[in-house]
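Please see the structure below; I have some questions.
Indexing begins at 1, ligand by ligand and atom by atom, following the structure's order. Each residue takes its place number in the sequence, starting with 1.
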Amino acid sequence: MDNKIVYLNGQYLPLNEAKISVMDRGFLFGDGIYEVIPSYSGHLFHFEQHMERLDNSLSSIRLTNPHDRAQWLEILTPLLDANLDQSIYLQITRGVADKRDHAFPQNITPTVFAMSSTISPFNDVDSGAKALSVDDSRWELCNVKATTLLANILLRQQAVEKGCAEAILVKDGYVTEGAASNIFAVIDGILITPPKSHEILPGITRDVILEIAEENNIPYSEDIISLDALKTAGEIWLTSSTREIIPIVQLDNEIIANGKPGPIWQTMNQLFQAYKKSRL
Ligand code: PDD
């Protein structure tokens, strides 16, 4: 095991010494919230936006943020490495109760954990990835970044077992997002992504892509996408903080366009890399 230094409840310690109680509500119920923030060369990317989403997630589960933004910055900074691209994972659970009871315990202290991992986002301009469409079996609070990810991991696993990089989730004939990513399609030359709702996580990478599209006059729209329309799309991308923008070149048995990452992906990926550098 990589015995890196992690943060747990006020202490920095080697990963194999970071321990929580079996009575932690995160362990017993998945009663917690998380965030994943990319860090490029030691700089947190869109820290404020990730903190805002964290606040929204915490208030949805009626948990008070144990730290303000300055404190979070202080907690996360020692985990950053100026020589690496990293993802910073942070998690807050409702804390450790003395008995297992679904209802919230009174007066407990949240558990706070953070760690960093190196990332190597998708950057192969010549070949893309495959995706599998599956029924979206998740709950109705998909806008909340909850640690309760059983449905997402089962869906991702189905995709992995079919040799695919990601599962594309479908509800009532329309795509929502990936198991751990947002979705974009290029249809009739327009970049389309489903609108924000309780059915998707409001991805920070998604917002950046829309901002870049706006600034560069790339036509885009936030609209619903049917699975049928997706199968005949010119391009499909999946986006996240850890993988950036993955071009999908095969969906189920359909080859997308000519089976290569498309021209709008090439342009967007270059603009995205430049955008990242401009924020260091
Ligand atoms: N997941 N949708 C879901 C369900 C996700 O889990 C994620 C990210 C996204 C993309 O959001 P963002 O662009 O802010 O990373 C969309 C993270 C990376 C994870 O669970 O590890």
Just to be sure I read this right, does ligand 1 sit under 4.0 Å from the backbone of S181, its side chain, both, or neither, counting only heavy atoms?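 It is the backbone that touches ligand 1; the side chain stays farther off.
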Only heavy atoms of A179, strictly under 4.0 Å: list the atoms of ligand 1 that pass.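 By the 4.0 Å cutoff, the relevant atoms are 4 (C).
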Is the closest side-chain donor-acceptor distance between E199 and T176 under 3.5 Å?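 Result is no, nothing qualifies.
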Does the N or O separation between S241 and ligand 1 drop below 3.5 Å for any pair?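 By distance alone, the answer is yes.
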Hey, which atoms in ligand 1 end up nearer than 4.0 Å to a heavy atom of T242?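 Counting from 1, the qualifying ligand atoms are 18 (C).
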I204: numbered ligand 1 atoms lying under 4.0 Å from its heavy atoms: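 Under 4.0 Å from I204, ligand 1 has these atoms: 12 (P), 13 (O), 14 (O).
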Counting both backbone and side chain atoms, is some N or O of N152 under 3.5 Å from an N or O of ligand 1?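 No - when backbone and side-chain N and O of N152 are compared with those of ligand 1, no distance drops under 3.5 Å.
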Mark up the atoms of ligand 1 that fall under 4.0 Å of a heavy atom belonging to K145, in ascending order.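 The atoms of ligand 1 under 4.0 Å from a heavy atom of K145 are 1 (N), 6 (O), 8 (C), 17 (C), 19 (C), 20 (O).
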To which protein heavy atom is atom 6 (O) of ligand 1 closest, and what is the distance rounded to 0.1 Å?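 Heavy-atom neighbour on the protein nearest atom 6 (O) of ligand 1: A180 CA, 3.3 Å.
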Check the side chains of H198 and E140 for a donor-acceptor pair under 3.5 angstrom, ignoring hydrogens and angles.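 Absent: no donor and acceptor within the cut-off.
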Side-chain donor/acceptor of S57 to backbone N/O of K145, under 3.5 Å: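 Looks like yes, one N/O pair under 3.5 Å.
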Taking it one step at a time, do Y89 and Y34 satisfy ring pair (Phe, Tyr, Trp, His ring centres under 6.0 Å)? CA-CA 7 Å; Y89 177 88; Y34 75 106; 5.6 Å; yes
Using the ring of F104 (Phe, Tyr or Trp, six-membered ring only), decide whether R94 places NZ or CZ under 6.0 Å from its centre and within 45 degrees of its axis.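 Yes - R94 lies over the ring of F104, closer than 6.0 Å to its centre and within 45° of its axis.
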To the nearest 0.1 Å, how far is atom 13 (O) of ligand 1 from its closest protein heavy atom, and which atom is that?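 Result: T205 OG1, 2.5 Å.
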Is the closest side-chain donor-acceptor distance between Y275 and E211 under 3.5 Å?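 Short answer, yes.
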In the protein, which heavy atom is nearest to atom 10 (C) of ligand 1, and how far is it?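 For this ligand atom, the closest protein heavy atom is N182 OD1, 3.6 Å.
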Answer yes when K162 and D252 have at least one side-chain N-carboxylate O distance shorter than 4.0 Å, and no when they do not.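 Salt bridge between K162 and D252, a charged N being under 4.0 Å from a carboxylate O: no.
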Apply salt bridge (charged side-chain N to carboxylate O under 4.0 Å, His left out) to residues K276 and E244 and explain how you reach the verdict. CA-CA 11 Å; K276 271 166 49 181; E244 298 185 350; 2.6 Å; yes
Ligand 1 contact on Y34 by region, counting heavy-atom pairs under 4.0 Å: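 Side chain only.
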Backbone or side chain, does any N or O of R53 fall under 3.5 Å from an N or O of ligand 1?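 Between R53 and ligand 1, an N or O pair is found under 3.5 Å apart.
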If the cut-off is 4.0 Å to any non-hydrogen atom of G203, which atoms of ligand 1 fall inside it?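 Atoms satisfying the 4.0 Å criterion: 11 (O), 12 (P), 13 (O), 14 (O).
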For atom 21 (O) of ligand 1, the protein heavy atom that lies nearest, with its residue and separation: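 Atom 21 (O) of ligand 1 sits closest to the protein heavy atom V36 CG2, 3.7 Å.
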Evaluate T239 for polar contact with ligand 1, using N/O atom pairs at a separation under 3.5 Å.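 In this structure, T239 places no N or O atom under 3.5 Å from an N or O of ligand 1.
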Examine E177 against ligand 1 and note whether any of their N/O atoms are separated by less than 3.5 Å.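 Between E177 and ligand 1, an N or O pair is found under 3.5 Å apart.
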Test: D24 and K19 ion pair at under 4.0 Å: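 Between K19 and D24 there is no salt bridge, as every charged N stays at least 4.0 Å from the carboxylate O atoms.
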Is R138 salt-bridged to E177, going by a charged N under 4.0 Å from an acidic O?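 Yes, R138 and E177 are salt-bridged.
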